There are 2 protein chains.
Amino acid sequence: MSVAIENFVKAIYKNGKHDDNDTKPGNIAKKLGISNAAATDMAKSLANKNLINYEKYKALELTEEGEKLALKVIRKHRLWEAFLYKTLEMSLHEIHREAEFLEHETSDFLADKISEYLGNPKFDPHGDPIPNADGEITTKDNSTTLSKTKEGKSYIISRLMSDDKEFFDFCAQNGLKYGNKIFVSKQFSKNKMTQININSNTILLNEDFTKIIYVNEIQ
Amino acid sequence: MSVAIENFVKAIYKNGKHDDNDTKPGNIAKKLGISNAAATDMAKSLANKNLINYEKYKALELTEEGEKLALKVIRKHRLWEAFLYKTLEMSLHEIHREAEFLEHETSDFLADKISEYLGNPKFDPHGDPIPNADGEITTKDNSTTLSKTKEGKSYIISRLMSDDKEFFDFCAQNGLKYGNKIFVSKQFSKNKMTQININSNTILLNEDFTKIIYVNEIQ
DNA sequence: AATAATATTTAAGCATACTTAAATTTTAAT
DNA sequence: ATTAAAATTTAAGTATGCTTAAATATTATT
Ligand SMILES: [Mn+2]
Ligand SMILES: [Mn+2]
Ligand SMILES: [Mn+2]
Ligand SMILES: [Mn+2]
């Protein structure tokens with residue numbers, strides 16, 4: 001399958017996960033930076049290949065086969081991120097940028113080799129789950145966003161959901177990293193801002209960031 | 001530059017190295033598995049982009065710019081081979097197969113990271129030289145093929161020039177590896193077969209193999 | 001030097017993945 | 001329920017990178 005097709009089914013899969021964002025052609029088009037007309041064309045072509053179900057004017061739905069392909073691409077993406085992060089010590093932003101291309105030129109064989117080398121990790125360096133070779137994700141996810149946490153509790157960072165360089169730079173500078181511990185000292189004005197303590201520093205985060213940082217409460 | 005273009009200039013560069021194989025469209029076409037007509041089309045298009053000089057019915061010649069691009073692709077290819085060979089312990093055949101695709105989706109930044117990780121190696125696991133970031137190859141190559149060696153002398157393997165799985169499998173099984181030492185015990189019938197000793201085994205190689213195994217004499 | 005064989009180029013056509021502009025349908029607002 | 005706004009689809013067209021078949025030029029053979 002071509003790069004265009006792989007990016008397309010991946011975009012449908014990701015948009016489909018969060019029902020706020022839907023999978024109508026226009027949204028996929030926006031995500032991929034192509035015209036709406038191109039998205040409609042591609043939708044028809046993918047329906048022909050049995051990768052999606054397409055009904056005029058309706059949201060796009062992946063078939064089982066389509067979802068499998070999407071998960072394969074996502075698996076390769078996240079394995080690359082984990083591999084480059086570990087071996088070459090690249091930043092969260094850099095690994096994502098490279099993985100976006102490498103994901104399409106990686107044999108299943110190589111993906112498995114990388115996975116094995118890393119000890120078959122279940123999560124990538126952003127905390128995103130890595131599908132296994134059969135396209136299954138073992139997501140027992142009971143994490144919440146930082147914006148929903150309670151004052152006076154401690155949490156472990158479980159996921160940094162973004163692909164923005166500025167955000168990742170900020171995280172790196174302030175020790176906001178997958179697996180690190182933070183303490184929520186105050187929630188301001190109906191959770192529009194969150195004050196946390198980390199590494200004996202106090203930092204104040206606004207909603208833009210607290211909504212993409214996922215955490216698990218420490219019992 | 002597209003994958004098609006990168007493979008094309010790389011093929012011209014490689015065919016141009018050994019004047020037995022020339023760089024006329026037909027030979028490039030054969031190497032890439034495309035029609036002669038497609039090769040002519042591409043030649044015109046590359047001339048337009050100033051990557052080659054094209055004159056009807058003549059051999060194709062890379063411009064300085066074209067050669068730079070070819071060397072960049074070759075650099076990435078060989079860095080990938082070295083990186084995968086080291087980290088994932090893949091075979092010579094496997095690393096080549098993967099590198100053939102990865103070479104086109106690797107930023108200069110990532111290539112430099114890989115190079116640095118490996119200690120800026122000058123040769124890949126086949127013994128092929130790796131161009132540096134400026135596209136320079138430091139090839140002070142005084143190696144000869146095994147077919148030209150003399151009885152009773154010892155040599156170090158410096159290069160395995162092939163992309164054939166059977167050959168590499170044979171090499172792996174018999175300790176024929178970049179950097180390993182061999183002793184030439186006999187040359188048969190005008191060097192059509194060569195008998196060598198390696199790891200206390202005696203093996204007899206015919207010309208198909210002795211012409212793609214390069215060695216340096218041990219003084 | 002003429003002829004046959006081989007290689008290259010031209011021509012016409014196709015699939016993919018895009019574009020913009022116009023037509024149509026859906027959705028939202030009055 | 002009409003109407004206006006927004007999204008989707010259709011239509012027409014483009015660039016890339018291929019194909020096969022025919023025309024043309026080069027190279028090899030006699
Ligand atoms: Mn990513
Ligand atoms: Mn991608
Ligand atoms: Mn190789
Ligand atoms: Mn290649």
Side-chain angles (χ1 to χ4, degrees), chain A residues 1-13 15-16 18-62 65-66 69-70 73 100-101 103-105, chain B residues 1-13 15-16 18-62 65-66 69-70 73 100-101 103-105:
Chain A
M1 295 294 155
S2 69
V3 172
I5 290 176
E6 291 189 349
N7 281 330
F8 203 91
V9 293
K10 188 177 131 185
I12 296 174
Y13 180 86
N15 272 20
H18 311 286
D19 26 27
D20 42 296
N21 237 329
D22 75 5
T23 64
K24 285 193 177 168
N27 295 56
I28 305 300
K30 199 177 292 174
K31 186 158 207 175
L32 297 175
I34 59 178
S35 68
N36 286 10
T40 299
D41 273 5
M42 182 59 97
K44 283 179 183 170
S45 152
L46 293 194
N48 248 31
K49 292 188 166 67
N50 240 302
L51 294 170
I52 70 171
N53 297 315
Y54 175 61
E55 283 183 79
K56 270 191 191 182
Y57 303 103
K58 296 263 178 73
L60 307 178
E61 289 181 347
L62 291 172
E65 202 182 332
L69 177 58
V73 177
E100 204 56 60
F101 299 104
E103 64 186 4
H104 309 292
E105 300 302 337
Chain B
M1 294 296 156
S2 70
V3 172
I5 290 176
E6 291 189 348
N7 281 331
F8 203 89
V9 294
K10 188 177 132 187
I12 295 173
Y13 180 86
N15 272 20
H18 311 285
D19 26 27
D20 41 297
N21 236 329
D22 74 6
T23 64
K24 285 195 177 167
N27 295 56
I28 305 299
K30 200 178 290 175
K31 188 159 206 174
L32 296 175
I34 60 177
S35 68
N36 286 11
T40 299
D41 272 6
M42 182 59 97
K44 284 179 183 170
S45 152
L46 293 194
N48 248 32
K49 293 188 165 66
N50 240 301
L51 293 170
I52 70 171
N53 297 316
Y54 175 61
E55 283 184 81
K56 270 191 190 181
Y57 303 105
K58 296 263 178 72
L60 307 179
E61 288 180 348
L62 291 173
E65 203 183 331
L69 177 58
V73 177
E100 204 56 60
F101 299 103
E103 63 186 3
H104 308 293
E105 300 301 339

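To find a chain, count down the sequence lines: A is the first, B the second, and so on, and within it residues start at 1. All figures in this text were calculated on a predicted structure; none of them were measured in a lab.
- Among the atoms of the strands shown, only primed sugar atoms or phosphate atoms (P, OP1, OP2) are found under 4.0 Å from some heavy atom of B/Tyr54.
- For A/Leu32 and C/dC18, the CG to P distance is 8 Å, given to the nearest whole Å.
- Neither OP1 nor OP2 of D/dT26 sits under 4.0 Å from any side-chain N or O of B/Lys56.
- You'll find the side chain of A/Tyr54 stays beyond 4.5 Å of the side chain of A/Asn48, heavy atoms only.
- Residue-level contact check: B/Ser2 touches the backbone only, with heavy atoms under 4.0 Å from sugar-phosphate atoms and none from bases.
- With rounding to whole Å, B/Asp41 atom CG is found 9 Å from C/dT9 atom C1'.
- At least one side-chain heavy atom of A/Asn7 sits less than 4.5 Å from a side-chain heavy atom of A/Val3.
- Across the protein-nucleic acid pair, B/Ile5 atom CD1 and D/dG17 atom C1' stand 10 Å apart, rounded to whole Å.
- Atom P of nucleotide C/dT8 and atom NZ of B/Lys44 are separated by 14 Å, given to the nearest angstrom.
- B/Ala38 comes within contact range of at least one nucleobase, with a heavy-atom separation under 4.0 Å.
- Nearest nucleotide to the side chain of A/Tyr57, out of C/dA17, D/dT26, C/dT24: C/dT24.
- In this model, the phosphate group of C/dT8 is not approached by any side-chain N or O of B/Thr40 to a distance below 4.0 Å at OP1 or OP2.
- Annotation: of the two residues near DNA chain C, A/Ala4 and B/Ala43, the 5′-most nearest-nucleotide partner is B/Ala43.
- Atom CG of A/Leu60 is separated from atom C1' of D/dT9 by 13 Å (rounded to the nearest Å).
- With respect to B/Ile12, the side chain to side chain contact (heavy atoms under 4.5 Å, CB included) criterion is satisfied by exactly one of B/Leu62, B/Asp22, B/Leu51: B/Leu62.
- C/dA15 atom C1' lies 15 Å from atom CG of A/Leu46, rounded to whole Å.
- Looking at heavy-atom distances under 4.0 Å, A/Ala39 makes no contact with the nucleic acid at all.
- Nucleotide D/dA7 holds its C1' atom 10 Å from the CG atom of A/Asn27, rounded to whole Å.
- The side chain of A/Pro25 sits closest to D/dT9 out of C/dC18, C/dT20, D/dT9.
- The nucleotide whose nearest atom lies closest to any side-chain atom of B/Asn36 is, among D/dG17, C/dT9, D/dT20, C/dT9.
- A/Lys58 has no side-chain polar atom (N or O) that falls below the 4.0 Å cut-off from OP1 or OP2 of C/dT26.
- Atom CD of B/Glu55 and atom C1' of D/dT26 are 15 Å apart (whole Å).
- Ranking C/dT20, D/dT8, C/dA17 by closeness to the A/Lys24 side chain, first place goes to D/dT8.
- Remark: B/Glu105 CD to A/Glu103 CD distance equals 10.0 Å, nearest 0.5 Å.
- With rounding to the nearest 0.5 angstrom, the CG atom of A/Asn53 is 11.5 Å from the CG atom of A/Leu46.
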